[in-house]
Amino acid sequence: MTTTEGSPALLATLPGEFYTSPTIFAAEQDEIFEKLWFCAARSGDLANPGQFKKVQVGRESVLVVRGKDGVLRAFLNVCRHRGAALCTEPEGQVKRSLQCPYHAWTYALDGKLIAAPNLASLKDASGEGIDRYEYGLVAVALREWLGYAWVCLADDPPSFDDDVIGEVTRRLGDPTAVDHYDVASLSVGRRVVYDVAANWKLIVENFMECYHCATIHPELTEVLPEFAQGLAAQYYVGHGAEFGSGISGFTIDGSAGFETLPGVTEDQDRRYYAITIKPTVFVNLVPDHIIFHRMYPLAPDRTIVECDWLYTADVVAEGRDVSRSVELFHRVNEQDFAACERTQPAMSSRAYRNGGVLVPSEHHIAEFHEWVVSRIGEHPRADDPR
Amino acid sequence: MTTTEGSPALLATLPGEFYTSPTIFAAEQDEIFEKLWFCAARSGDLANPGQFKKVQVGRESVLVVRGKDGVLRAFLNVCRHRGAALCTEPEGQVKRSLQCPYHAWTYALDGKLIAAPNLASLKDASGEGIDRYEYGLVAVALREWLGYAWVCLADDPPSFDDDVIGEVTRRLGDPTAVDHYDVASLSVGRRVVYDVAANWKLIVENFMECYHCATIHPELTEVLPEFAQGLAAQYYVGHGAEFGSGISGFTIDGSAGFETLPGVTEDQDRRYYAITIKPTVFVNLVPDHIIFHRMYPLAPDRTIVECDWLYTADVVAEGRDVSRSVELFHRVNEQDFAACERTQPAMSSRAYRNGGVLVPSEHHIAEFHEWVVSRIGEHPRADDPR
Amino acid sequence: MTTTEGSPALLATLPGEFYTSPTIFAAEQDEIFEKLWFCAARSGDLANPGQFKKVQVGRESVLVVRGKDGVLRAFLNVCRHRGAALCTEPEGQVKRSLQCPYHAWTYALDGKLIAAPNLASLKDASGEGIDRYEYGLVAVALREWLGYAWVCLADDPPSFDDDVIGEVTRRLGDPTAVDHYDVASLSVGRRVVYDVAANWKLIVENFMECYHCATIHPELTEVLPEFAQGLAAQYYVGHGAEFGSGISGFTIDGSAGFETLPGVTEDQDRRYYAITIKPTVFVNLVPDHIIFHRMYPLAPDRTIVECDWLYTADVVAEGRDVSRSVELFHRVNEQDFAACERTQPAMSSRAYRNGGVLVPSEHHIAEFHEWVVSRIGEHPRADDPR
């Protein structure tokens, strides 16, 4: 499988089994979601010491918690004694420690074991008193960027700068371009969670191309007329799709949005930029707000997508009406996810045993396919004569 | 396993795992439902050009569609581009083409790719414009008989005459016998769909024998007294069970049915003939109507059964009351499927590890078992010491 | 894994996969639930000839039925002909035989085949009339003790005296201690069925230790103050936890219960004894009643627990109010099962790949782990590099 940029020839997609096989999905859990940086939570949702959020990362339940020192940390949500989950609620606030409700083993917000019945008398195998960090919570690497907490389950995490920040730079062509939007300073104006009956890669592929835009996105192509031509914004480095001449803002009816974000440049104004940060994040930049998608792949055929609409703190604090800008991308989301859901069943058909085809304006999707294969390895194909 | 016709000795059934193993069910999908002729739809349900029906055949979603030329055809329900399902509704009517709602690839009713965004510029791997039949819908073989569309997913379908028509001839003993009923000319007076929690083979075996009739079919044995003796109609070539002396018609209370079908002979009058067309069809012939069963095996322990009651076009068009004849076999169906459902759980018991037994009046079921084994091969048995 | 009694060092638990793996659960079905004595039913629930109960034992459906001779027997719930379940209701009463509702094969209450259509003419493979015991119901070994029917699916059952009675003797330190309660003579005052989303071994481990008592059982530690120290009653042979000084009875509020059971000795009065009879029974002895738990493990992560509160026949017959004594252990059950359910999810976490730890007061649980491993064998561990 090679990408021949500019060639008009059809390229092959991945074979159907990549979207249905539990073995391949397990390999993706091992080598992608549990080895790479995974965007887990909006930092601003955890503003106060003791606030925590429980997040599914690959197959693991991870707690993201703000310490007394104001630092965000992440831990596996498992007591080191007999394994009870420390937290079962999706989010909450503790006073100063995390206590297991089974046998009352108690951990500081930095993970250290600080109390347990008879703790002083407990000895390790060599007969010494136990090390309170060794029997503390299992730590998970955490980095904050764009106002989100990104975690990594690997013992030796890959470079955040290359893998996450680098993806954005490679897409926008300029390392400072995203800084103009100051995404970390924004507030969540709306969050919608979608439960999609499709493989996560179908959702990535859908996001990467615009060959479908004319067919399923009437509202979006009204605002961004060049999308009707089918060339994805992501096809060209640095390119952002321009608003139509009669369009005032990135809203469901093209009416004006909010004030342009303070740092946005003239080049960036009246343009839409879409960025895919593999494996599970999509960022959409428009002059007055950001649409930020995070995926949680749960099964070969099921993916949760959480989508945040981010505005300046003022817009949110003043309760200004965000519904017209939310409605535009909410419809796009529903249109896209419906398309992915009607594609999933055919992945197990003999008609898709060797995959489908990519037209020229979709050729960059082949790079995503190559990346997946490079992560999980070539899988032995069933030698099935049917 | 050998059939010793006439011997009174008990014969063994298939071992229980044949009714529960996902591996064996997958082999049946491969070698039976996806290789043999599979009865998919009533042709009359697709009377007009552009009418289509979506049917599950083995593991594949198949579209049966009437062309502008009036010909019925079948295709895999998968767009050749990125695999979206062309149709998600169970049935419908298009104007003149099937269009994929994802990227608008459009196919004529004969499967040819006739339109797509930028179609003219698409090239195949050798740089040529793409072949519109090669990138057309994947065709599935189709034959019409008895007013039904039978499809076959095999690249090289077996002989329809031997496998389908031949089964009927071998049962009735006369190649013209079924023609007297002119089944293709009849109309559907009632259709009932049953969702049965049992393996498809239990349903076949139940249909093939009448040792259970005295126990579970009081209404049927009232109409067909010889069934109380337990010898199945299918046991003897050409034999049809005779109506009881006080019985006027094949109805729930033995009251008169409709006029005898025009071609039915005197020999056939006042008789009931049951025919099994392997793998998934049962035909029941009585003088004034036909009861036609089609199975859709979905899982080792789940089978959908669709049952049509067919009458002359006049009976249906005039809205005459078919409820007394429908009620008789509807009760038989419910009685039979309840028996199959209470048998399914024991298939995984150690008591059935080597199967059960066939009494002499069930010995012809052993031929069905031999046929299944010949199709899917002997399966390695777990060497389980428990 | 060795138990070093008295050593304060932490011991390892079983690895997490023992609580999640379908392979290990199948081995437990084979080697534990389907090979050892399994407590199936309260004998008193089957007082009359022809009364039966359908019980899940491992993967098998077993009928426990009282014969015309007053003897309790057990059989696989499978007709020997074509495998239909003889009984689908959970319990019931037949007149004098069990008849299969499919083809009317009929069995006496001792399992003998006594009737079937054309039975007299049926021959076995050698041409002889069939043996009515050989084609009778498949018998399952049954013993009665403590007023319960214990069954064993093994062809050659292990010693009931060693495995069942011996467990109680080893716990109480005296073979006659349990006799003083005359458990067989008691009546069921209340039965509660719990559906627990946890592996059966987590429930056993929870029952065996009291390190959790101070944290989750406020009512129980009020009645049994020594439990607040965390040493399980089962830790010392023969020890029973003593009621607190202000406690009158084993009730939710410490108020008086019923008259002390007639045979209970002075040593046993005002004490609580907990006994684990592996694999699936817990017995709780208090002076005026017995709490008897039976587990039905259905899946690696699902276990049904049936709990009987047993009182003298008089207490039950007179309708005296048992709610205060029921309420105490019903709350303990709900507290324990909630703890097990919050532990189950972490069994698949990388944090529990090598298990957790046992503190000194839990060290006897390691013996249970050794017993499990000795029954099912060491399992190959996935050599998983993640």
Side-chain angles (χ1 to χ4, degrees), chain A residues 1-2 4 6-16 18-20 198-199 201-202 205-206 208-217 228-231 335-362 365 382 384-386, chain B residues 26-35 54 56-63 75-89 99-106 113 115-131 134-140 153-155:
Chain A
M1 194 191 321
T2 54
T4 32
S7 154
L10 300 177
L11 294 180
T13 69
L14 290 174
F18 274 77
Y19 303 85
T20 61
N199 187 273
K201 297 188 294 298
L202 292 179
E205 295 160 12
N206 168 277
M208 290 181 83
E209 54 93 357
C210 207
Y211 187 51
H212 66 268
C213 291
T215 312
I216 71 174
H217 295 320
Q229 307 312 310
L231 270 184
Q335 292 153 350
D336 280 336
F337 301 155
C340 294
E341 289 188 339
R342 81 181 294 147
T343 302
Q344 181 66 33
M347 296 299 101
S348 55
S349 169
R350 61 181 66 204
Y352 217 74
R353 192 168 303 154
N354 296 312
V357 291
L358 300 174
V359 302
S361 61
E362 299 170 318
I365 294 176
D384 182 346
R386 68 170 161 138
Chain B
E28 292 173 342
Q29 302 269 36
D30 280 339
E31 302 300 333
I32 294 177
F33 311 124
E34 300 180 6
K35 283 258 174 67
K54 183 167 68 75
Q56 189 72 15
V57 179
R59 288 158 296 197
E60 295 291 341
S61 174
V62 170
L63 290 181
F75 305 101
L76 295 181
N77 180 23
V78 175
C79 179
R80 297 302 302 277
H81 169 223
R82 296 260 304 287
L86 292 165
C87 303
T88 53
E89 328 85 289
Q99 186 177 62
C100 177
Y102 194 174
H103 301 86
W105 281 36
T106 306
L113 177 63
N118 309 320
L119 176 59
S121 70
L122 299 182
K123 301 278 184 282
D124 65 17
S126 63
E128 301 293 313
I130 66 175
D131 183 308
E134 192 191 327
Y135 286 92
L137 297 177
V138 177
V140 173
L153 289 166
D155 292 330

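Just so it is clear, the model here is predicted, and its values are computed rather than measured. Order of the sequence lines fixes the chain letters, A, B, ..., with proteins taken first and strands second; residue numbering starts at 1 for each chain.
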Exercise. Checking heavy atoms, do the side chain of A:Asp336, its backbone, both or neither come under 4.5 Å from chain B?
Worked result: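 A:Asp336 has no heavy atom closer than 4.5 Å to chain B.
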Exercise. Do you know which of A:Gln335, A:Met347, A:Arg342 has the most heavy-atom pairs with chain B at a distance under 4.5 angstrom?
Worked result: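 Sorted descending by pairs with chain B, the first entry is A:Arg342.
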Exercise. When only pairs under 4.5 Å are counted, which of A:Glu205, A:Glu341, A:Gln344 shares the most heavy-atom pairs with chain B?
Worked result: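 The answer is A:Glu205.
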For this session: Pick one of side chain, backbone, both or neither for B:Thr88, based on which atoms fall under 4.5 Å of a heavy atom in chain A.
Result: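 For B:Thr88, heavy atoms of backbone and side chain both lie under 4.5 Å from chain A.
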For this session: Select one option (side chain, backbone, both, neither) describing which atoms of B:Leu153 are under 4.5 Å from chain A's heavy atoms.
Result: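 It is both, since atoms from each part get that close.
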Problem set entry | Pairing residues for B:Glu89 by the side chain to side chain contact (heavy atoms under 4.5 Å, CB included) criterion, not counting sequence neighbours |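 So B:Glu89 forms a side chain to side chain contact (heavy atoms under 4.5 Å, CB included) with B:Phe52, B:Cys87.
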Problem set entry | Option that, when pairs with chain A are counted at under 4.5 Å, heavy atom only, ranks first among B:Ala154, B:Ala104, B:Ser61, B:Pro117 |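 Going by pairs under 4.5 Å, I would pick B:Pro117.
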Using every non-hydrogen atom in the two residues, find where [X] and [Y] come nearest and quote the distance to one decimal.
X	Y	value
A:Phe18	A:Lys201	O-NZ, 2.7 Å
A:His212	A:Asn206	CE1-O, 3.1 Å
B:Cys100	B:Ala84	SG-CB, 3.7 Å

Problem set entry | With B:Arg82 via salt bridge (charged side-chain N to carboxylate O under 4.0 Å, His left out) - residues at least two apart |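 Residues passing salt bridge (charged side-chain N to carboxylate O under 4.0 Å, His left out) with B:Arg82: A:Glu209, A:Glu362.
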